[in-house]
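Take a look at the structure set out below.
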Amino acid sequence: MTAISRRNLLKGAAFSAAGVAALGMAGCAPQDSGAADAALSETGEAAKHTWEVKPEPIATDQISQTVDTEVLVIGGGYSGACCALSAAENGAKVVLVEKDAVLNGHGVGGTGAIASRALDDLGLKFDKSLEMERWVSTCGNRCRESLVAKWFRESERCMNWFLDMAEANGAKCMVTVGSNSTVHPEIACYHFMSGGPIFEEHTMADFVEYMFEAEALKAGAEFVYEMPAVQLVQDESGRVTGAICQNKAGEYVQYNASKGVVLATGDISYNDEYINEFAPVANRVFTRLCSDQGNVGDGHNMAAWAGGAFQEGPWPTMMHPQAAATFHGPFLFVNPDGKRFMNEATWVQGKCLGVMYNGGADHAWSIFDANWQTDLLGSLEHGGGMFWDTFRPYGSDYQAAVDGHADTVENGIAEVPDYYKRADTLEELAEMIEVDPAELKATVERYNALCKAGEDTDFYKEKHFLFPIEEGPFTACMVAPGLLSVVGGIHISDNFEVLTAEDEPIPGLYAIGNCAGDIYAVDYPINIQGNSHGRCLVEGKCLGEQLAGVYQEI
C-alpha cells in the first residue's frame, strides 16, 4: 500500500459535507522541532530533553522595548482568545501575543456543553453524574476528577455566554445528533455555530477566535501578531512576572504582567521529541490532522523551564479515522492482509486504535455491498455518533445521514480513487485494494456466516450491526487514523495555575487549553461531543474572570 499511504488528506476529506469541514482539518507533515540530543546542559553534557535545559536569561540590554500590562496571554487559539476577552470585559488590562500572522483555530466548528439554553429549547437534559462517570472511565480514572467536575459545573454558564455573543454577531446555533449506542453513547450536545459577517469572513475553522478578538478589542484588549514568546521572566522568588517575545525584526520585547501570564499555546502535535516521549501512539497514525503546524510545545517548554511539571504520561490523544475516506460506518473492516481484526461498531477513537494495534497497520478497508444504504439506515437506530452518523441537526431523520454519506461515497469513487474503490466482484475489489483475493473471499465468507447465525463469535459485535456482504457491486473505503491533538500536558491546579512536581503553584503562571493537562488521561472522552472546545471555553472564560478579580466559584 506504499503507493497510497500518507497521501493528501484533503483529497478524501473534501467529500465529508459538514463532517471534516467542521473540524477544520488539513493534512500536514510533521515538522522537525529539533533533536533532544543537541541540547546541552550547563556542564556541556548532552541533555535528555529540550524542556529539561533552561536557556540562559536574555540580558536586559538586549530588550528593545518594555510593555506593561496586567494580563499577558500567550497564544491566539480558542482558549487564549477566550481568556483575553473574558479578562478584558471584566476590567483587566490585557495583551495577547500570537506568534503567527493570524489567529489559529483548531477546527472549532462546534463546542460541547453539558447544558445550555439551546439544549433547553430542544428539551434536552443530560445526567451529569452519568456523563462525568463515562468521561472519567474513558480516561482510565487517571484524570483529576475535581478539574473535570469544575467543567461540569461551569459548562452551562459559559455556553450561554458564548451563545449570546455568537447570536449578537449574526451566528445561529445548530445542535447536532449524538449516538444511540448503549455501549458508546454520544449525547446530542455539539453546538455548531454558523452565519454572520465574522463567520463568512473566517469560516468555521477560525470564526470563534476572531469573534472573541472583535469583542476583546471593544473591551480594550490588545492583540499583537508575529510576536512569539521565547522566555518567561521570573523574579527572585520564582514568581512569573512577564515574558520576553521577539518581533519580526528579531528585536526582543518584554511584556510585564502584574496579574498573570497565561500559556495558551496549543498541543505538541508537531514536535516529534514530545510525541516520542509522551504520546508514542501518535507515531502509528496515517497522518497528523491539524490546520496549525505551529503546535510544537512552546508553552510546555516555557512552563518546564520555569519549574512546572507535566502530567504523567502517556498523554491522551484525540484521533479520528477519517484521514482518507470519511465514511465507513459499522461494516466489515479488513487489514492490508485481508483479515478481519476487530468489532467495527465502535467509536472514532476505538476505530483508530483498533486499526493500528489489532489491524497492525496505519489503515484498513471498510467493505460493504449494494445494500449498504439500507443497512446503514437500520444501524442508526442502535448506534451512530461522529462520522458513522453525520453532523445533522438534532431531530432530523436518519435518512438525512444516509443521503449525505451516499453523496460522499459516490463523489469519492469518482474523484478520490485512492480512498474509495468499487467493483462488481470481490475478486476485482481485492485487486483494487491490493489484498489477496482468496484471503478476502475467505474473510467475507466467514463474516457472512456469522451474520446468518446472528452471533459474532469472533469479536462479538452486536447482532443488529451484522450486515452480510453478498450482492454486488462491492465498495471499499479506506479507514485511516489521523491525529487531531495530544490533549495532555502541563500539570495545573483546579484554578489553572501551573504546578511543580510537588503540586505547588508557580505564582503568576497559568495554563489553559490543549497545552494544559490533567483534565484528560489515557483516551479522549467523546461521550460529550466537542468537549475539548468546551474545555477551552470554560477554562478561558473562568481564568479571565479570575485574573480580573471577579470570578465566583459555583
Exercise: identify the closest heavy-atom pair between Leu119 and Ala113: CD1-O, 3.8 Å

Pair Asp436-Lys441, salt bridge (Lys or Arg N to Asp or Glu O under 4.0 Å): steps then yes or no: CA-CA 9 Å; Asp436 178 61; Lys441 184 178 180 181; over 6 Å; no

Lys421 NZ/CZ over Trp365 ring centroid, <6.0 Å and within 45° of normal: no

Residues forming a ring pair (Phe, Tyr, Trp, His ring centres under 6.0 Å) with Tyr210, sequence neighbours excluded: His202

Main-chain N/O of Val102 paired with Asp100 side-chain donor or acceptor, under 3.5 Å: no

For Val487 against Ser532, the heavy-atom pair lying closest together: CG1-OG, 4.5 Å

Minimum heavy-atom distance Glu344-Pro330, with the two atoms named: CB-O, 3.8 Å

Spacing of Met318 atom CE and Leu289 atom CG [to the nearest 0.5 Å]: 11.0 Å

Main-chain N/O of Ala361 paired with His363 side-chain donor or acceptor, under 3.5 Å: no

Glu154/Arg535 ion pair, N-O < 4.0 Å: no

Nearest-0.5 Å distance, CG of residue Asp523 to OG1 of residue Thr138: 7.5 Å

Exceeds 12 heavy-atom contacts within 6.0 angstrom, atom OH of Tyr394: no

Heavy atoms of other groups near Glu145 CD, more than 12 under 6.0 Å: no

Distance-only polar pair, side chains of Asn527 and Glu186, donor-acceptor under 3.5 Å: no

Glu133 versus Ser137, side-chain donor and acceptor atoms under 3.5 Å: yes

Candidate pair Lys150 and Ile519, rule side-chain contact (heavy atoms from CB on, under 4.5 Å), full reasoning: CA-CA 10 Å; Lys150 183 169 186 172; Ile519 199 169; over 6 Å; no

Mutual orientation of the aromatic rings belonging to Phe368 and Phe327 [parallel < 30°, tilted 30-60°, perpendicular > 60°]: perpendicular

Charged tip of Arg422 within 45° of Phe474 ring normal and under 6.0 Å: no

Test item: side-chain donor near acceptor, Asn169 and Glu215, under 3.5 Å: yes

Nearest-0.5 Å distance, SG of residue Cys451 to OH of residue Tyr447: 4.5 Å

Check: Trp388 main-chain N/O paired with His328 side-chain donor or acceptor under 3.5 Å: no

Carboxylate-amine/guanidinium proximity below 4.0 Å for Glu455 and Lys463: no

Residues, nucleotides or ligands: over 12 heavy atoms within 6.0 Å of Lys339 NZ: no

Residue pair Phe192, Phe391: steps toward the ring pair (Phe, Tyr, Trp, His ring centres under 6.0 Å) verdict: CA-CA 9 Å; Phe192 187 90; Phe391 291 86; 7.2 Å; no

Side-chain H-bond candidate by donor/acceptor type, Asn180 with Tyr398, under 3.5 Å: yes

Check against salt bridge (Lys or Arg N to Asp or Glu O under 4.0 Å), Asp120 and Lys125: CA-CA 7 Å; Asp120 289 344; Lys125 297 287 185 182; 2.9 Å; yes

Residue pair Asn160 / Ser116, side-chain donor-acceptor N/O under 3.5 Å: no

No-hydrogen, no-angle side-chain donor-acceptor test under 3.5 Å, Asn514 and Tyr520: no

Trp161 CH2 to Lys541 NZ distance, which is reported to the nearest 0.5 Å: 5.0 Å

Euclidean distance, Arg446 CZ relative to Leu332 CG, rounded to 0.5 Å: 12.5 Å

All ring pair (Phe, Tyr, Trp, His ring centres under 6.0 Å) counterparts of Phe152, not counting sequence neighbours: Trp135

Steps toward salt bridge (Lys or Arg N to Asp or Glu O under 4.0 Å) verdict (Lys172, Glu167): CA-CA 6 Å; Lys172 294 183 179 180; Glu167 291 173 3; over 6 Å; no

Aromatic ring pairing Tyr78/Phe162, orientation class (parallel under 30°, perpendicular over 60°, tilted between): parallel

Test log, rule salt bridge (Lys or Arg N to Asp or Glu O under 4.0 Å), inputs Asp272 and Arg288: CA-CA 12 Å; Asp272 288 338; Arg288 304 183 195 187; 2.7 Å; yes

Heavy-atom closest contact (Ala118 atom, His191 atom, distance): CB-CD2, 3.9 Å

Nearest-0.5 Å distance, CE of residue Met159 to CD1 of residue Ile114: 13.0 Å

Asn448 side-chain N/O to Glu445 backbone N/O, donor-acceptor pair under 3.5 Å: no

